[in-house]
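Because only heavy atoms are used, hydrogens play no part in the values below, and waters and symmetry mates are left out as well, while side chains stay in.
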Amino acid sequence: MTDTPGHPMNIREILDCLPHRYPFLLVDRIDEVVPLETAHGSKLLTINEEFFQGHFPDDPQMPVGLLIECMAQVGCTVIMSTPQGKGKNILFAAVDNCEFGRPARPGDHLEIRARMTNFRGGDKGKITVNCQVGEEVLVSAEMMFALTDPVA
């Protein structure tokens, strides 16, 4: 790690960085990103999230697939905020060493921290990510990605 200071991203910068849009944009804020190193973002879960209506009506929980996607989106900002990421698509390639804690529920303020652990050839890499509420870790994982050119 370097001593490079990070910078926050407002919602306009997040939308410029990530291809996701409503209802699939699962990041509210990027508090800090250090390109090619780390990112810290968040998502506030409210009962108004569409997925809570059916998962599960009497015990609302964020589906784990969407929780992993939320983590991947924060992780994407580590590479997509760089010149190497501009004009590229980023593909979620694999998840390793994924561990789950308790479910994410309405009212939770998800704090997601991502750290680049490997970046090879300018187009493939690995990021370690964890999602927590306060001090409680809900999910931790290693995620692999690949950069590709957009399909015309």
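Considering only heavy atoms from C-beta on, His7 comes within 4.5 Å of Val33 through its side chain. Counting only heavy atoms from C-beta outward, the side chains of Phe51 and Met62 approach each other to under 4.5 Å. Using a 4.5 Å heavy-atom threshold, the side chains of Lys88 and Asp149 count as touching. Residues Glu142 and Ile127 have side chains not in contact (no heavy-atom distance under 4.5 Å, counting atoms from C-beta outward). Counting heavy atoms from C-beta outward, Arg115 and Glu37 have side chains that stay 4.5 Å or more apart. Side-chain contact between Leu67 and Cys131 is present, with heavy atoms from C-beta onward closer than 4.5 Å. The shortest side-chain heavy-atom distance between Met9 and Cys17 falls under the 4.5 Å cut-off. Annotation: side chain of Ile68 is in contact with side chain of Phe92 (closest heavy-atom distance under 4.5 Å).
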Leu15/Leu25 under side chain to side chain contact (heavy atoms under 4.5 Å, CB included): CA gap, chis, key distance, verdict: CA-CA 9 Å; Leu15 292 170; Leu25 180 64; 3.7 Å; yes
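Between the Asp108 side chain and the Leu45 main chain, no donor and acceptor come within less than 3.5 Å of each other. Checked by atom type and distance alone, the side chain of Thr117 pairs as donor or acceptor with a backbone atom of Lys126 at under 3.5 Å.
Of all heavy-atom pairs between Thr46 and Pro106, the closest is C-CB, 4.3 Å. For the pair Glu13 and Pro8, the tightest heavy-atom approach, listed with the atom from each and the gap, is OE1-O, 3.7 Å. Contact detail for Leu110 and Ala104: the closest heavy-atom pair is CD2-CB, 4.1 Å. In plain terms, the two heavy atoms of Leu147 and Gly122 that are nearest each other are CD1-O, 3.7 Å. Nearest heavy-atom pair, Asp28 versus Ile11, reported as atom, atom and distance to 0.1 Å: O-CD1, 4.3 Å. Across all non-hydrogen atoms, the minimal contact from Cys70 to Ile112 is SG-CD1, 3.7 Å.
Taken from CG in Asn97 to OG in Ser140, the straight-line distance is 8.5 Å, to the nearest 0.5 Å. Within the model, atoms CG of Leu138 and CE of Met71 stand 9.0 Å from one another, a figure rounded to the nearest 0.5 Å.
Annotation for Arg12: atom CZ does not count as buried by contact number, only 12 or fewer foreign heavy atoms lying within 6.0 Å.
For Arg102 and Glu136, the salt-bridge test passes: some basic side-chain N is under 4.0 Å from an acidic carboxylate O.
Under the 4.5 Å side-chain heavy-atom criterion for ILVMFWY residues, no single connected hydrophobic cluster contains both Leu44 and Val27. A single hydrophobic cluster is not seen to contain both Met144 and Val129; linkage of ILVMFWY side chains at heavy-atom distances under 4.5 Å, directly or through other members, places them apart. Under a hydrophobic clustering in which Ile, Leu, Val, Met, Phe, Trp and Tyr are joined whenever their side-chain heavy atoms come within less than 4.5 Å, directly or via other members, Leu36 and Met143 fall into the same cluster. The hydrophobic clustering, which links ILVMFWY residues whose side-chain heavy atoms are closer than 4.5 Å, places Val139 and Phe145 together. Hydrophobic clustering (side-chain heavy atoms under 4.5 Å, transitive across Ile, Leu, Val, Met, Phe, Trp, Tyr) groups Phe24 together with Ile90.
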Which donor-acceptor pairs under 3.5 Å do the side chains of residues 74-85 make with protein atoms, sequence neighbours left out?
from: Thr77; atom 1: OG1; to: Val74; atom 2: O; distance (Å): 2.7
from: Ser81; atom 1: OG; to: Thr77; atom 2: O; distance (Å): 2.6
from: Thr82; atom 1: OG1; to: Ile79; atom 2: O; distance (Å): 2.6
from: Thr82; atom 1: OG1; to: Gln84; atom 2: N; distance (Å): 3.3
from: Thr82; atom 1: OG1; to: Gln84; atom 2: OE1; distance (Å): 3.2
from: Thr82; atom 1: OG1; to: Gly85; atom 2: N; distance (Å): 3.3

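Residue pairs that meet the side-chain hydrogen bond (donor to acceptor under 3.5 Å, both in side chains) test with at least one member in residues 48-75, sequence neighbours left out, are His20-Glu69, Tyr22-Glu50, Lys43-Glu49, Asp59-Gln61, Asp59-Arg105, Glu69-Gln73.
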